[in-house]
Q: 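I have a structure I would like to understand better, so I am pasting it below and will then ask my questions one at a time.
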Amino acid sequence: MATIVNIRRDVDDKFYRYRMPLLTTKIEGKGNGIKTVIPNMSDVARALSRPPTYTTKFFGCELGAQTTFDEKNDRYIVNGAHNADRLRELLDVFIDKFVLCKSCKNPETELVIIKQGRSEDIIRDCKACGERTGVDMRHKLTTFIVKNPPVKIKKGKNKNTGGDAASGVGGGGNPDPTGESPEPVDEGAESDDAITRKIKAEAAELNKDATIENDDWVADTSPEAVKQRMKALEGSMAAAVIGGDDDGSDEDANSPYAVLGRWIEDNDEKDPKALSVAIFQKAQELGIEKKHKAVTVIVQALFSENIVAEIPQYAALFTKLVTSDKHQKSLLGGIERFVGFSHPDLVSAVPKILMALYQHDLLEEEVIVQWGTHVSKKYVDKDTSKKVRKASEPFLKWLEEAEDDSDEDE
């Protein structure tokens with residue numbers, strides 16, 4: 001079983017969010033042909049969101065040794081015999097110089113090459129604090145990086161994708177003026193349209209005489225009906241659904257998130273397929289269908305004590321809604337509130353809930369692992385956060401063992 005350590009090895013916190021496999025080495029050959037092979041270089045580099053060639057070349061620069069890359073066969077070699085502890089120390093130096101944000105010391109950075117006339121500079125673009133800090137261009141590795149620039153990694157929903165600290169290598173993006181991260185659109189637009197068509201087609205089958213717009217649920221969402229329900233319902237639902245979110249303005253009982261939560265509670269007797277269509281259309285009407293907070297609200301308002309059986313019924317809806325790492329974290333935040341506040345008797349079922357979400361490709365492995373090893377007060381209090389993550393340990397262990405078995409098979 002692979003040993004996992006904190007990316008910043010000076011941080012002695014088992015719940016530190018950013019982790020990586022412990023670097024391993026293997027000495028091959030003898031005499032002048034002796035060399036050090038790094039079997040898990042790709043895994044380590046993926047956790048750092050840097051190409052494995054960068055780290056290997058850095059070792060060569062620091063040790064004054066030749067390096068060899070065979071990316072097709074996943075072999076990264078440094079000439080000479082070098083023990084693992086020495087290379088781990090150099091990896092810490094690489095992380096400090098080329099990964100950690102100089103301002104906040106967070107590894108959630110991307111390398112970006114900026115041209116300044118005839119010269120080129122390399123900066124670390126931090127996705128955590130927003131600072132852009134330069135690297136020391138006097139280091140030999142910078143020449144290699146400029147000649148072999150980082151490639152943008154498009155985020156996908158493939159659960160076999162390796163974890164990374166910075167959610168991709170290279171490039172940048174313009175922030176959403178609403179305050180939420182923009183969603184990836186390169187490859188997702190077409191697939192999203194396909195899902196929408198599928199949902200609408202299913203609704204058409206369930207409603208023989210009309211299009212989706214003529215369904216009964218439309219009448220229930222008129223301003224008059226919404227106003228009546230808001231007067232009839234207590235304000236506790238709004239506090240339970242959106243309390244503690246990262247935008248205090250949404251704690252207003254009249255916010256679109258609160259309206260969506262109450263609307264779902266009023267319409268939860270519908271058939272799952274029809275309700276899935278109705279929920280997405282309602283979120284569109286409120287202008288929050290792309291907001292990650294909407295996912296947290298829907299989880300709490302939609303599911304019951306039979307959540308494990310209900311997840312497959314609403315998988316198509318969440319596939320449409322969950323389009324980024326941030327949405328996945330909000331999905332997990334909704335689960336925290338669901339079992340932590342609404343259904344504390346279901347805490348023991350957390351592994352089954354995570355397994356159902358994982359099997360329907362709603363959560364990626366690296367997002368689950370990061371969530372499971374980092375207690376947070378964003379969605380619930382600290383004690384509840386610990387309790388939910390403690391309950392998730394059997395599933396996290398299964399994930400780790402499954403990955404080890406896969407590596408052995410390869």
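Residues take their numbers from the sequence shown, with the count starting at 1.
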Q: Using only atom types and a distance under 3.5 Å, with no angle test, would you say the side chain of Asp125 pairs donor to acceptor with the backbone of Arg132?
A: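 Checked: no pair found.
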Q: Say whether, by atom type as modelled, one donor and one acceptor occur between the side chain of Gln300 and the main chain of Thr296 under 3.5 angstrom.
A: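 A pair under 3.5 Å: yes.
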Q: Flag the pair Asp10 and Arg8 as a salt bridge only when some basic side-chain nitrogen lies within less than 4.0 angstrom of an acidic carboxylate oxygen.
A: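 Between Arg8 and Asp10 there is a salt bridge, with a charged N closer than 4.0 Å to a carboxylate O.
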Q: What distance separates Gln328 CD from Ile368 CD1, expressed to the nearest 0.5 Å?
A: 8.0 Å
Q: I need the minimum non-hydrogen distance between Tyr379 and Arg337, along with the two atoms involved.
A: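 Smallest interatomic distance, heavy atoms only, reads O-NE, 3.0 Å.
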Q: Tell me if the centroids of the rings in His374 and Tyr16 come within less than 6.0 Å of each other.
A: no
Q: Are the side chain of Thr56 and the backbone N or O of Pro52 linked by a donor-acceptor pair below 3.5 Å?
A: yes
Q: Can you confirm whether or not the ring centre of Phe318 sits under 6.0 Å from the ring centre of Phe303?
A: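 Ring centres of Phe303 and Phe318 closer than 6.0 Å.
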Q: Is it the case that the side chains of Thr109 and Arg50 hold a donor-acceptor pair, with the cut-off being a distance below 3.5 Å and no angle test?
A: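 There is such a pair (donor and acceptor under 3.5 Å, judged by atom type) between the side chains of Arg50 and Thr109.
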Q: Any donor-acceptor pair under 3.5 Å linking the side chain of Thr384 with the backbone of Val380?
A: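 Not a single qualifying donor-acceptor pair exists.
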Q: Is Arg75 paired with Glu28 through a side-chain N to carboxylate O contact shorter than 4.0 Å?
A: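 Yes, Glu28 and Arg75 are salt-bridged.
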Q: Should Glu336 and Phe341 be marked as a side chain to side chain contact (heavy atoms under 4.5 Å, CB included) after you check the CA-CA gap, both sets of side-chain angles, and the distance that decides it?
A: CA-CA 8 Å; Glu336 282 187 73; Phe341 294 153; over 6 Å; no
Q: Ion pair present between Glu285 and Lys282, side-chain N to carboxylate O less than 4.0 angstrom?
A: yes
Q: Keeping Asn6 on the side-chain end and Asp13 on the backbone end, is there a donor-acceptor pair under 3.5 Å?
A: yes
Q: If the plane angle is over 60° it's perpendicular, under 30° parallel, otherwise tilted; pick one for Tyr358 and Phe395.
A: perpendicular
Q: For residues Asp70 and Asn73, is any side-chain donor paired with an opposing acceptor at under 3.5 Å?
A: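 Judged by distance alone, the side chains do pair up.
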Q: Hydrogens and angles aside, do Ser304 and Glu310 bring a side-chain donor and acceptor to less than 3.5 Å of each other?
A: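 On atom types as modelled, these side chains qualify, holding a pair under 3.5 Å.
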Q: Out of the candidates Asp96, Asp85, Asp92, only one should pair with Arg9 under the salt bridge (charged side-chain N to carboxylate O under 4.0 Å, His left out) rule; please name it.
A: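 The option that passes is Asp92.
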Q: Under a 4.0 Å N-O cut-off, is there an ion pair linking Lys320 with Glu289?
A: no
Q: Say whether, by atom type as modelled, one donor and one acceptor occur between the side chain of His360 and the main chain of Leu362 under 3.5 angstrom.
A: no
Q: Between CZ of Arg19 and CD1 of Ile4, what distance do you get to the nearest 0.5 Å?
A: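 CD1 of Ile4 is found 7.0 Å from CZ of Arg19.
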Q: Salt-bridge test for Glu110 and Lys127: reply yes if a basic N is under 4.0 Å from a carboxylate O, no otherwise.
A: yes
Q: Where is the tightest heavy-atom contact between Leu111 and Arg124, given as atom of each residue plus distance?
A: CD2-CG, 3.8 Å
Q: Checking His82 side chain against Val78 main chain: does a donor-acceptor pair fall under 3.5 Å?
A: no
Q: Could you go through Arg138 and Asp136, starting from their C-alpha distance and side-chain angles, then the distance that decides it, and tell me whether this counts as salt bridge (Lys or Arg N to Asp or Glu O under 4.0 Å)?
A: CA-CA 5 Å; Arg138 295 172 297 178; Asp136 185 357; 3.0 Å; yes
Q: I'd like to know if the side chain of Ser42 pairs up with that of Arg46 as donor and acceptor (distance under 3.5 Å, no hydrogens or angles considered).
A: no
Q: Might you point out which heavy atoms bring Lys102 and Lys105 nearest each other, and give the distance in Å?
A: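 Lys102 and Lys105 have their closest heavy atoms at O-CE, 4.4 Å.
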Q: Nearest 0.5 Å please: distance from the OG1 atom of Thr3 over to the CG atom of Leu23.
A: 11.5 Å
Q: Check for a donor-acceptor pair, side chain of Thr25 on one end and backbone N or O of Ile38 on the other, with a separation under 3.5 Å.
A: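 Checking the backbone N and O of Ile38 against the side chain of Thr25, no donor-acceptor pair under 3.5 Å is found.
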Q: Calculate, to the nearest 0.5 Å, the distance between atoms OG1 and CZ belonging to Thr36 and Phe59 respectively.
A: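 Result: 10.5 Å between the selected atoms.
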Q: With rounding to the nearest 0.5 Å, note down the distance linking CG in Leu91 to CD1 in Ile7.
A: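 So the CG of Leu91 and the CD1 of Ile7 are separated by 9.5 Å.
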Q: Any idea which heavy atoms bring Pro150 and Tyr54 closest together, and the distance?
A: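 Minimum heavy-atom separation between Pro150 and Tyr54: N-OH, 3.1 Å.
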Q: Using the side chain to side chain contact (heavy atoms under 4.5 Å, CB included) rule, take Val388 and Trp371 through it: C-alpha gap first, then chi angles, then the decisive distance, then the call.
A: CA-CA 11 Å; Val388 174; Trp371 170 84; 3.9 Å; yes
Q: Would you say the side-chain atoms of His139 and Glu62 include a donor-acceptor pair closer than 3.5 Å?
A: yes
Q: Please report the interatomic distance OG1(Thr24) to CG(Asn40), rounded to the nearest 0.5 Å.
A: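 Thr24 atom OG1 to Asn40 atom CG measures 3.5 Å (nearest 0.5 Å).
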Q: Checking His327 against Ser330: is there a side-chain donor and acceptor pair closer than 3.5 Å?
A: no
Q: Could you walk me through whether Val299 and Leu331 pass the side chain to side chain contact (heavy atoms under 4.5 Å, CB included) test, one step at a time?
A: CA-CA 7 Å; Val299 168; Leu331 174 58; 3.4 Å; yes
Q: Tell me, with the steps shown, if Arg86 and Glu89 meet salt bridge (Lys or Arg N to Asp or Glu O under 4.0 Å).
A: CA-CA 5 Å; Arg86 175 58 177 153; Glu89 291 173 359; 3.8 Å; yes
